Amino acid sequence: MTVIDGRAISASIRNEIKAEVAKMKERGPVPGLAVIIVGDDPASKVYVRNKGRACEEAGIYSEIIELPEKTEQGELLGIIDKLNARAGINGILVQLPLPRHIDEKAVTARILPEKDVDSFCDENVGKVAVGAPRFLPCTPAGVMELLHRSGACIEGCECVVIGRSNIVGKPMAMMLLKENGTVTVCHSKTKNLIEHTRRADILVSAIGKPKFITGEMIKPGAVVIDVGINRTPDGKICGDVDFDSAAKVASMITPVPGGVGPMTITMLLKNTITAAKLQNDTNV
Ligand code: NDP
C-alpha cells in the first residue's frame with residue numbers, strides 16, 4: 001500500500017512552476033494574480049495568505065485586496081472591473097464564501113473568463129464539459145496530477161466520484177471521463193452507495209463528512225482519493241475516508257492533511273501561468 005504524498009508532489013510541481021516563471025521573466029512580464037477577500041472569516045484569511053505566500057515563492061506577482069464585511073456589491077464589482085482592465089493582473093479570484101448580502105454568482109461572473117483562474121464562470125465550466133478547457137478547476141486538477149504522478153491507471157477503469165458540487169465533484173467526473181475512465185457520480189440521493197464504491201478502481205470522495213468511507217466500502221487494490229476537509233469534535237482535521245481501515249484495503253491512498261489539500265493552490269499557480277501566456281500570446 002502506498003500513501004500518496006501530496007506535499008512532496010506539490011513541492012515538485014511548484015519547483016517546475018518556479019522555473020517556468022523565471023523563464024517567462026526573461027522574455028516579458030511576470031504573471032500576476034489578484035485575490036479579493038471580503039470580511040473577516042478566519043479560515044478564508046488563512047487560505048488567502050497561503051495563496052499570496054505561494055505566489056511569492058514561485059515568483060508570481062500577487063495582490064491581496066482585503067475589503068470590509070459591509071462592502072457593497074457594486075463596489076466589489078467596480079474593483080473587479082478595474083482588475084479586469086489591468087494588464088499586469090492575469091488572474092483574479094474572489095475568496096468564497098462572500099457575506100450574505102453579496103450575490104456570489106454575480107461576482108464570480110464579473111471576472112473576465114480569460115482571468116477566471118478558479119474556472120468558475122459558465123464559459124470556463126462549459127469548456128471543461130466539452131473537453132476543451134481553458135483552465136482546469138484547481139481541486140480536481142490537483143487530483144488528476146496526483147493520479148498521473150502516482151502511476152494510477154484511469155483508462156477503462158471504474159472511477160466512482162462521490163459528490164456533485166460545481167467546484168469538485170462535477171468537474172472531477174468530466175476530467176476522469178476525458179481520460180477514458182468509466183465514471184459514476186454518486187450523491188446524497190444515491191441508493192446503495194456501497195455497491196458503487198465497492199466497484200471502484202479509483203474512488204474519489206468529496207462529500208464533507210468525517211470518516212464516512214470505511215474499509216469495507218472499498219474494493220481491494222483500489223486507489224482512494226480523499227478530497228474532504230473536515231474537523232473532528234476535538235478540532236483535528238480529517239478527511240471523508242476512515243484512513244486506518246481504508247489503508248488496509250487500498251493499493252494507494254491520499255492522507256488528510258497532506259494529500260489533495262496542498263495541490264489546490266499549486267494548480268491555481270499553474271492556471272495563473274496559463275492565463276499570463278494566453279494574455280501575452282506566448283506558447284501555452
Ligand atoms: P458540497 O457540500 O458542495 O458537496 C458535497 C457533495 O456530497 C454533494 O454533492 C452531496 O450530495 C454529497 N453528499 C453529501 N452527503 C452524502 C452522502 N451521505 N452520500 C453521498 N453523497 C453525499 O462540498 P464541496 O464539493 O465543496 O466539498 C466537498 C469536501 O471537499 C468538503 O469536505 C470540502 O471541505 C472539501 N474540499 C477540499 C478542497 C481541497 O483543497 N482539498 C477544496 C474544495 C473542497 P447532494 O448534491 O445530493 O447534496
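This chain uses plain numbering: 1 for the first residue, then up along the sequence. In this text the structure is predicted, and so the values were computed from the model without any measurement. In each ligand, atom 1 is the first atom listed, and ligand 1 is the first ligand listed. Below, each value reflects all heavy atoms present in this structure, side chains not excepted, and no hydrogens, waters or symmetry copies.
- In Glu56, the CD atom is not crowded: 12 or fewer heavy atoms of neighbouring residues, nucleotides or ligands sit closer than 6.0 Å.
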Please list, one pair per line, the donor and acceptor atoms closer than 3.5 Å that link side chains of residues 70-78 to other protein atoms, with sequence neighbours excluded.
unit_1: Thr71; atom_1: OG1; unit_2: Pro68; atom_2: O; d: 2.5
unit_1: Gln73; atom_1: OE1; unit_2: Asp103; atom_2: N; d: 2.9

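- Close contacts of ligand 1 with Gly163, meaning ligand atoms under 4.0 Å from a residue heavy atom, involve 6 (C), 7 (O), 9 (O).
- By the criterion of a heavy-atom distance under 4.0 Å, both the backbone and the side chain of Val227 are placed next to ligand 1.
- Under the side chain to side chain contact (heavy atoms under 4.5 Å, CB included) test applied with Ser119, the options Leu268, Val125, Leu136, Val128 reduce to a single match, Val128.
- In terms of hydrophobic clustering, with Ile, Leu, Val, Met, Phe, Trp and Tyr side chains grouped at heavy-atom distances under 4.5 Å, Met175 and Ile4 are assigned to a common cluster.
- Under a 4.0 Å N-O distance rule, the pair Lys270/Glu145 qualifies as a salt bridge.
- Residue Asn230 has at least one heavy-atom neighbour below 4.0 Å for each of these atoms of ligand 1: 32 (O).
- Residue, atom and distance of the protein heavy atom nearest to atom 9 (O) of ligand 1 are Arg164 N, 2.8 Å.
- Between Asp240 and ligand 1, not a single N/O pair is under 3.5 Å apart.
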Pair up each side-chain donor or acceptor in residues 8-18 with any protein partner under 3.5 Å, not counting sequence neighbours, and list the distances.
unit_1: Ser10; atom_1: OG; unit_2: Pro262; atom_2: O; d: 3.1
unit_1: Ser10; atom_1: OG; unit_2: Thr266; atom_2: OG1; d: 2.7
unit_1: Ser12; atom_1: OG; unit_2: Ile9; atom_2: O; d: 3.2
unit_1: Arg14; atom_1: NE; unit_2: Thr266; atom_2: OG1; d: 2.8
unit_1: Arg14; atom_1: NH2; unit_2: Pro262; atom_2: O; d: 3.4
unit_1: Arg14; atom_1: NH2; unit_2: Thr266; atom_2: OG1; d: 3.3
unit_1: Glu16; atom_1: OE1; unit_2: Arg149; atom_2: NH2; d: 3.1
unit_1: Glu16; atom_1: OE2; unit_2: Arg149; atom_2: NH1; d: 2.9

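- Annotation: atom 47 (O) of ligand 1 to nearest protein heavy atom, Ser188 OG, 2.5 Å.
- Atom CD1 of Ile64 and atom NZ of Lys45 lie 11.0 Å apart (nearest 0.5 Å).
- The protein heavy-atom contact nearest to atom 42 (C) of ligand 1 is Thr139 OG1, 3.2 Å.
- Closest protein heavy atom to atom 20 (C) of ligand 1: His187 O, 3.2 Å.
- Closest to atom 18 (N) of ligand 1 among all protein heavy atoms lies Phe212 CZ, 3.3 Å.
- The backbone N or O of Lys209 lies less than 3.5 Å from a partner atom in the side chain of Asp240, making a donor-acceptor pair.
- When Ile265, Thr264, Asn166 are ranked by how near their heavy atoms come to atom 39 (C) of ligand 1, first place goes to Thr264.
- With a 4.0 Å heavy-atom cut-off, ligand 1 is reached by the backbone of Ile207 and by its side chain too.
- A salt bridge links Asp122 and Lys105; the closest N-O separation between the charged side-chain nitrogens and carboxylate oxygens is under 4.0 Å.
- Summary of contacts: the protein heavy atom closest to atom 31 (C) of ligand 1 is Gly208 CA, 3.7 Å.
- Under a 4.0 Å criterion applied to the non-hydrogen atoms of Lys209, ligand 1 contributes the atoms 14 (C), 15 (N).
- One option in Gly169, Ala206, Gly228, Pro210 has a heavy atom closer to atom 6 (C) of ligand 1 than any other, and that option is Ala206.
- An N or O contact shorter than 3.5 Å links Ser165 to ligand 1 by distance.
- An N or O contact shorter than 3.5 Å links Ile229 to ligand 1 by distance.
- Looking only at heavy atoms of the protein, atom 43 (C) of ligand 1 is closest to Val168 CG2, 3.8 Å.
- Under a cut-off of 6.0 angstrom, the local environment of NZ in Lys211 is sparse, with at most 12 non-hydrogen atoms contributed by other residues, nucleotides or ligands.
- Checked against Leu203 for a side chain to side chain contact (heavy atoms under 4.5 Å, CB included), the options Ile225, Val161, Ile213 give a single hit: Ile213.
- Between Glu66 atom CD and Ile36 atom CD1 the span is 12.0 Å, to the nearest 0.5 Å.
- Which parts of ligand 1 touch Gly261 is read off a 4.0 Å heavy-atom cut-off, strictly below it: atoms 41 (N).
- The contact set between ligand 1 and Ile162, taken as ligand atoms under 4.0 Å from a residue heavy atom, comprises 20 (C), 21 (N).
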